[in-house]
Amino acid sequence: MNFIALENEAVFLKPLEQEDKQGLFEAGRYPEIWSHMPTTIEKMVDVNNFVDKALEKKHEKTEFPFVIVDKKSGQIIGSTRFMDIEETHKRLEIGTTWITPAFWRTAINTNCKYLLLQYCFEVLNLQRVQIKTDHENLRSQEAIERLGATKEGVLRNHMVRKDGTTRHTVMYSITLQEWPQVKKHLQQLLVGAAEKLG
């Protein structure tokens, strides 16, 4: 699969590079981001590990990481990636998504997901895109459901969190057949968000 930078008038999803470390550190130094994430960014060494591991997986062609850039300010405000890439089965996952708190409850995440999903279904011709989250991360579940993804179920005792506790994973997906309706829904959300700003 070929992956490229993606952008619209609101966001620029740029392939992650080593030189993005400082921007990611500035965007990620808020503890509330990491309460449900498998990693934590507190110090520069954490950013180094985050970027190095992500680029290693990119080299292995199992993941493709992006930085999220706010087009208005030009600042890095988070990160997301394609992961669990299965070319044979025409599917992947959108995950490891985080955004600096100043942009929570804005249209940034919707813009990101629209660009990523559109590329998956209209350029890569995938059959399935999945998104998963911690069963305790209700804010994330609401955001995923708001996109129009279908909740498939809960994978029990699926992961061990960084604090050693057990996580159940809530699994969502969007299929190729569902994409036209989901696309229309996302476009309506983005128009509504633009009208609010206007």
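Just so it is clear, the values below take in all heavy atoms, side chains as well, and ignore hydrogens, waters and symmetry mates. All residue numbers refer to positions in the sequence shown, counting from 1.
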Say whether [X] and [Y] are linked into one hydrophobic cluster, either directly or through other cluster members, by side-chain heavy-atom distances under 4.5 angstrom.
| X | Y | answer |
| --- | --- | --- |
| Y172 | M83 | no |
| L190 | I174 | yes |
| V170 | V160 | no |
| Y30 | I41 | yes |

Test item: [X] side-chain N/O and [Y] main-chain N/O as donor-acceptor pair under 3.5 Å:
| X | Y | result |
| --- | --- | --- |
| T80 | T97 | no |
| D20 | L16 | no |
| E93 | R81 | no |
| K162 | T39 | yes |
| H158 | H168 | no |

Option passing side chain to side chain contact (heavy atoms under 4.5 Å, CB included) with N111 (candidates L6, N8, L13): N8

Short N-O contact, [X] and [Y], less than 4.0 angstrom:
| X | Y | result |
| --- | --- | --- |
| E145 | K151 | no |
| K21 | D52 | yes |
| R161 | E136 | yes |
| K183 | E122 | yes |

Should we say atom [atom1] of [X] is surrounded by more than 12 heavy atoms from elsewhere, each under 6.0 Å from it?
| X | atom1 | value |
| --- | --- | --- |
| N2 | CG | no |
| K90 | NZ | no |
| K53 | NZ | no |
| K58 | NZ | yes |

Ring geometry between W179 and Y114 (parallel below 30°, tilted from 30 to 60°, perpendicular above 60°): tilted

Is the Y119 ring parallel, tilted or perpendicular to the F3 ring (thresholds 30°, 60°)? tilted

Nearest-0.5 Å distance that lies between atom [atom1] in [X] and atom [atom2] in [Y]:
| X | Y | atom1 | atom2 | result |
| --- | --- | --- | --- | --- |
| T62 | I85 | OG1 | CD1 | 6.5 Å |
| T133 | Q141 | OG1 | CD | 6.0 Å |
| Q127 | L176 | CD | CG | 7.0 Å |
| D84 | H89 | CG | NE2 | 10.5 Å |

Nearest heavy atoms of E178 and S173, plus distance in Å: OE1-O, 4.0 Å

If we only count heavy atoms from C-beta on, is the L126 to R91 side-chain gap below 4.5 Å? no

Check the side chains of R167 and T169 for a donor-acceptor pair under 3.5 angstrom, ignoring hydrogens and angles.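 Looking only at side-chain atoms, R167 and T169 do form a donor-acceptor pair, the distance falling under 3.5 Å.
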
